[in-house]
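Below, chain A is the first sequence line, B the second, and so on; all start at residue 1.
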Amino acid sequence: MADAPVRLRFAPSPTGHLHIGGARTALFNWLLARKLGGTFVLRLEDTDAERSTREFEREILRDLAWLGLIWDEGPDVGGPHGPYRQTERADLYRALAERLLASGHAYRCTCSPQRLEAVRAEALARGEKPRYDGHCRDLGLGPSCGPHVVRFRMPGDGVVAVHDLVKGPVEIRDEELDDFVLVRSDGLPTYNFAVVADDHGMGITHVLRGDDHLNNTPKQVHLYRALDAEPPRFGHMPLILGPDGKRLSKRHGATSVGAYRDLGFLPEALVNYLARLGWAHGDLELFDIDELVRVFSIEGIGTSAGRWDMDKLMWVNQHWIARLPVERVARDAAPFLAALGLTGPFDDSRAHLAVDAVRSRARTLVQVATMAAFCFLPDERLPYDDAAVRKFLVPDAAPLLETVLERLKRLPSWERASIEGAISEWLQASGLGLGAVAQPVRVAVTGSRVGPGLFETLEALGRDRSLARLERGLGMARDGALHGV
RNA sequence: GAUCCCAUCGUCUAGGCAGGUCAGGACACCGGGUUUUCAUCCCGGCAACACGGGUUCAAAUCCCGUUGGGAUCGCCA
């Protein structure tokens with residue numbers, strides 16, 4: 001690549017949550033910017049006054065940051081090409097529109113929405129592509145023509161050929177295009193106008209966006225030409241579809257980044273999965289964000305739409321839950337622990353032991369929290385699995401529990417190695433197998449028949465609780481004898 | 001309907017641009033092993049070049065068509 005520094009952007013509209021499709025677009029642009037040592041710009045396309053809110057804006061910024069996609073220029077941090085909200089750039093659009101009007105590349109149009117609708121319906125009825133019929137094109141309407149929009153004067157006879165960064169050469173004939181609206185009657189720019197004005201004004205060099213924008217590209221290229229400007233390099237990425245191959249919607253479940261965070265997914269997992277959906281680097285599956293920056297390339301971007309696959313996301317999440325530093329996982333799991341009504345601290349060494357013990361069997365942070373709950377629950381609130389109790393806290397188990405309790409009580413220090421030492425020593429001497437004792441002990445201290453290794457479990461639970469629950473379990477086992485269960 | 005894009009296991013994909021390993025990896029699924037339960041981990045299995053033509057000694061790979069899927073056709077973005 002040349003010396004000219006590249007500039008990429010992500011330009012969401014704050015009319016909703018950060019969607020996973022948008023997140024992937026942001027990720028790819030961010031990756032390319034980082035890969036090429038360029039700048040990543042965040043711009044808010046908030047010209048839809050009806051639906052844009054500051055609340056959504058805050059949420060989008062928060063979620064992008066959560067994913068680790070930090071911007072160099074943006075509405076909150078500023079930069080040399082601001083402002084970074086389209087509603088704050090009205091003067092720029094106005095000036096540009098005047099320029100286009102003056103040069104004859106645009107004209108005023110007073111057609112009513114009703115007339116437009118009629119024209120559209122007529123075209124459709126004839127089986128044609130609905131397009132503006134150019135009614136006002138040559139009327140030479142001036143500024144005082146009343147309520148009007150500004151339309152772009154499409155040349156109409158050539159072909160726009162763009163070399164798409166991911167799809168290769170794409171051609172669209174001008175006759176397919178119509179005189180689209182640049183400035184609405186309320187004076188605000190439309191998307192196609194604002195995006196060109198801003199990408200040009202902000203010196204954007206590369207644009208990676210969804211396939212759904214491919215059809216907008218020729219219009220935008222014409223605008224660049226009318227502005228006598230060089231368009232950026234475009235790359236259109238395939239869309240993310242639902243598991244059924246249909247457009248992804250709420251119907252398919254969670255579609256926003258925030259929803260996945262709330263479901264217990266790590267940002268590392270979402271980034272990893274999003275990257276692999278529509279992009280590949282040989283046979284490799286697992287990447288952290290730094291590795292992605294290192295190996296990312298446009299050539300690796302695929303051409304066909306991908307389907308959202310929860311199972312694969314789960315697997316990736318499970319991988320990062322198991323591999324990230326335990327402190328990180330514990331920190332991210334804390335809100336989920338709290339949501340279970342448990343009380344912390346969730347960031348001390350005990351909490352780390354608990355999270356570390358359960359994380360290899362969790363696919364989400366919700367599961368981490370649920371599985372680690374036995375460590376944080378007061379003894380009297382520990383739930384017992386009925387079937388487990390009936391099967392393992394039986395009279396036969398009483399003497400075993402008694403011995404375990406006795407030996408553990410005598411332990412001078414409470415850590416995995418010493419616990420294991422005490423128990424295996426006894427097992428060895430008595431000829432018993434660990435299998436015979438592990439389950440009764442596990443059920444006594446966790447209430448469940450499944451869980452981490454026994455010694456990790458006891459270590460994480462801590463001496464006092466372990467002994468107290470063993471005591472209680474012993475009572476339950478004897479009780480079983482009393483009732484002949 | 002018109003235009004544009006796309007097409008390898010159920011899913012994500014490698015391979016395609018520079019045709020020549022009975023198409024490789026991963027998820028899911030099935031089976032087995034390790035193990036202290038459940039997981040992790042390890043081993044094995046199932047499973048695909050949408051179809052039809054062409055070019056060629058040779059096509060998943062290049063070309064055309066068909067079919068299928070998706071996107072777009074707003075004073076939304």
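- Distance from the side chain of A:L434 is smallest to B:U36 among B:U36, B:C38, B:G1.
- Formation of a donor-acceptor pair under 3.5 Å by the A:R9 side chain with backbone atoms of A:V41 is not found in this model.
- Nucleic acid contact for A:V181: sugar-phosphate only, since backbone atoms but no base atoms lie under 4.0 Å from a heavy atom of the residue.
- Taking side-chain N and O atoms only, A:R120 has a distance below 4.0 Å to OP1 or OP2 of B:G74.
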What does the list of N/O pairs under 3.5 Å between the protein and nucleotides 40-46 of chain B look like, with a distance for each?
none

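- Along RNA chain B, the nucleotide closest to A:G300 and the one closest to A:A11 are compared, and the more 5′ of them pairs with A:G300.
- Remark: A:H105 engages A:L100, A:S103, A:F152, A:A226 in a side-chain contact (heavy atoms from CB on, under 4.5 Å) (not counting sequence neighbours).
- The residue A:N216 sits close to a base: some heavy atom pair falls under 4.0 Å.
- Each of B:A14, B:A28, B:A77 was ranked by its minimum atom distance to the side chain of A:Y191; first place goes to B:A77.
- Put simply, CG on A:D174 is 21 Å from P on B:A2, counting in whole angstrom units.
- No hydrogens or angles considered: nothing links the side chains of A:D48 and A:T15 as a donor-acceptor pair under 3.5 Å.
- Nucleotide B:G16 forms no Watson-Crick or G-U wobble pair with any nucleotide shown, as no partner meets the under 3.5 Å limit on both distances.
- B:A59 and B:G19: their P atoms are spaced 13 Å apart (whole Å).
- Among the atoms of the strands shown, base atoms are found under 4.0 Å from some heavy atom of A:S185.
- Looking at heavy-atom distances under 4.0 Å, A:F455 makes contact with a base.
- Under the 4.0 Å criterion applied to side-chain N and carboxylate O atoms, A:R54 and A:D46 are not assigned as salt-bridge partners.
- A donor-acceptor pair under 3.5 Å is absent between the side-chain atoms of A:R209 and the main chain of A:F234, judged by distance alone.
- In this structure, B:A7 and B:U67 make a Watson-Crick or G-U wobble pair, each of the two defining distances being under 3.5 angstrom.
- Below the 3.5 angstrom threshold, one finds no donor paired with an acceptor across the side chain of A:R173 and the base of B:U3.
- Looking at heavy-atom distances under 4.0 Å, A:G210 makes no contact with the nucleic acid at all.
- Rounded to whole Å, the separation between the C1' atoms of B:G52 and B:U67 comes to 10 Å.
- B:C63 and B:A26: their P atoms are spaced 31 Å apart (whole Å).
- The listed nucleotides are B:U3, B:C76, B:G25; the one nearest the side chain of A:E285 is B:G25.
- Residue A:R184 has its side chain nearest to B:A77 when only B:C73, B:C6, B:A77 are considered.
- Residue-to-nucleotide proximity on RNA chain B shows that, of A:G306 and A:E176, the 5′-proximal contact is made by A:E176.
- Considering only side-chain atoms of A:P130, the nucleotide from B:A77, B:C4, B:G74 that sits closest is B:G74.
- Considering only the side chain of A:D48, B:C76 comes nearest among B:G1, B:U11, B:C76.
- A:L454 comes within 4.0 angstrom of a nucleotide base, judged by non-hydrogen atoms across all strands.
- For A:R361 (side chain) and A:G451 (main-chain N/O), a donor-acceptor pair under 3.5 Å exists by modelled atom type.
- Distance noted for atom P between B:A7 and B:G44: 32 Å (whole Å).
- Taking the C1' atoms as reference points, B:A58 lies 34 Å from B:G70, given to the whole Å.
- Out of B:A7, B:C75, B:A2, the shortest distance to the side chain of A:V149 is found at B:C75.
- Looking only at distances, no side-chain donor or acceptor of A:R247 sits under 3.5 Å from a matching main-chain atom of A:I240.
- Remark: side-chain polar atoms of A:N317 are not paired, donor with acceptor, to backbone N or O of A:A269 under 3.5 angstrom.
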Produce the list of close N/O pairs, under 3.5 Å, pairing protein atoms with atoms of nucleotides 63-71 of chain B; give distances to one decimal.
residue: B:G70; atom: OP1; partner: A:K246; partner atom: NZ; Å: 2.8

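- Nucleic acid contact for A:P238: none, since no nucleic acid atom lies under 4.0 Å from a heavy atom of the residue.
- Checking B:G1 for Watson-Crick or G-U wobble geometry (two distances, each under 3.5 Å) identifies B:C73 as its partner.
- At distances below 3.5 Å, at least one donor-acceptor pair connects side-chain atoms of A:R151 with backbone N or O atoms of A:D179.
- Using a 4.0 Å heavy-atom cutoff across all strands shown, A:T47 reaches sugar-phosphate atoms only and no base atom.
- Which of B:A77, B:A7, B:G24 sits closest to the side chain of A:T303 comes down to B:A7.
- Between the side chain of A:E291 and the backbone N or O of A:D288 there is at least one donor-acceptor pair closer than 3.5 Å.
- If you check every strand for non-hydrogen atoms under 4.0 Å, A:G453 touches a base.
- For A:R276, the listed nucleotide lying nearest its side chain is B:U13; candidates were B:G74, B:U13, B:C76.
- With C1' as the reference atom, B:A50 and B:C9 are 13 Å apart, rounded to whole Å.
- Side-chain contact between A:C375 and A:V358 is absent, with no heavy atoms from C-beta onward closer than 4.5 Å.
- One finds no side-chain N or O of A:R359 lying less than 4.0 angstrom from the OP1 or OP2 phosphate oxygen of B:A39.
- With respect to the salt-bridge test (charged N to carboxylate O, under 4.0 angstrom), the residues A:R126 and A:E122 qualify.
- Computed from coordinates, the A:L277 CG to B:A28 P distance equals 16 Å when rounded to whole Å.
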